[in-house]
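Before any comments, here is the structure.
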Amino acid sequence: MTGTRAISLAALALVLAACTPASQDQLARGAAKSVVARAAAERLPGVPVAPYTDCIIDNATSQQILVLAADSVTGPTASTWEIITGIARKPETLQCLLTNGVSALLQ
């Protein structure tokens, strides 16, 4: 883990510690969603960002959500994209993408 990512995770942990569990999840998912949307817009021009982002976030583990949320502080990196593409390769994510009209990625 890079120093910047560790600092971002620590800062995120401090913010989340003051929240209820439901609020923690909502804040982390919102932050993760923002970095996934930025990364998708940069790397996948022409792909509908909202459904792509929803499928990624809905199929991410809690650990992946936290790491992506931390990346929202510094912006998307190559590591961010590795996490996103790993999630995108899951069968349930592929099904979500097909169901939500993001099939252009799968051709």
Side-chain angles (χ1 to χ4, degrees):
M1 181 178 305
T2 65
T4 304
R5 180 173 273 167
I7 292 169
S8 296
L9 278 171
L12 180 64
L14 286 173
V15 170
L16 294 178
C19 300
T20 65
S23 295
Q24 289 174 355
D25 183 61
Q26 187 176 22
L27 284 170
R29 291 174 71 83
K33 198 174 207 178
S34 73
V35 80
V36 171
R38 284 189 282 168
E42 289 173 10
R43 298 222 180 194
L44 304 170
V47 169
V49 172
Y52 178 83
T53 300
D54 290 341
C55 288
I56 296 299
I57 296 302
D58 290 347
N59 290 288
T61 66
S62 58
Q63 181 62 34
Q64 289 168 323
I65 293 285
L66 289 175
V67 172
L68 290 170
D71 287 350
S72 72
V73 175
T74 58
T77 65
S79 178
T80 306
W81 191 246
E82 286 177 32
I83 293 167
I84 293 168
T85 56
I87 298 165
R89 289 185 187 112
K90 293 180 179 180
E92 55 272 24
T93 308
L94 293 171
Q95 183 59 49
C96 179
L97 293 169
L98 284 170
T99 302
N100 289 289
V102 192
S103 58
L105 289 172
L106 309 174
Q107 297 173 354

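Just so it is clear, the structure is predicted and the values come from calculations on it, not from any experiment.
- Contact record, A32 with L68: CB-CB, 3.7 Å, taken as the closest heavy-atom pair.
- In terms of modelled atom types and a separation under 3.5 Å, the side chain of T93 and the main chain of I87 share a donor-acceptor contact.
- Atoms CH2 and CG, on W81 and L44 in that order, are 4.0 Å from each other to the nearest 0.5 Å.
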(message) Under the criterion side chain to side chain contact (heavy atoms under 4.5 Å, CB included), I'd like the reasoning laid out for I84 against Q64: C-alpha separation, chi angles, the key distance, then a yes or no.
(response) CA-CA 9 Å; I84 293 168; Q64 289 168 323; over 6 Å; no
(message) The test is side chain to side chain contact (heavy atoms under 4.5 Å, CB included); show your working for T61 and K90 and say whether it passes.
(response) CA-CA 11 Å; T61 66; K90 293 180 179 180; 4.0 Å; yes
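- Using a 4.0 Å cut-off between charged side-chain N and carboxylate O, R29 and D58 make a salt bridge.
- Under the 4.5 Å side-chain contact rule for hydrophobic residues, V49 and I57 do not share a cluster.
- In terms of heavy-atom proximity, C96 sits nearest to N59 at CB-ND2, 4.1 Å.
- V35 approaches G75 most closely through the heavy-atom pair CG2-C, 4.1 Å.
- Looking only at side-chain heavy atoms (C-beta outward), N100 and D54 stay at 4.5 Å or farther from each other.
- For the residue pair A69 and A28, the shortest heavy atom distance occurs at CB-O, 3.5 Å.
- To the nearest 0.5 Å, atoms CD1 (I56) and CD1 (I65) are separated by 10.0 Å.
- Rounded to the nearest 0.5 angstrom, S72 OG and K33 NZ are separated by 13.5 Å.
- Contact record, A78 with R43: CA-NH2, 4.2 Å, taken as the closest heavy-atom pair.
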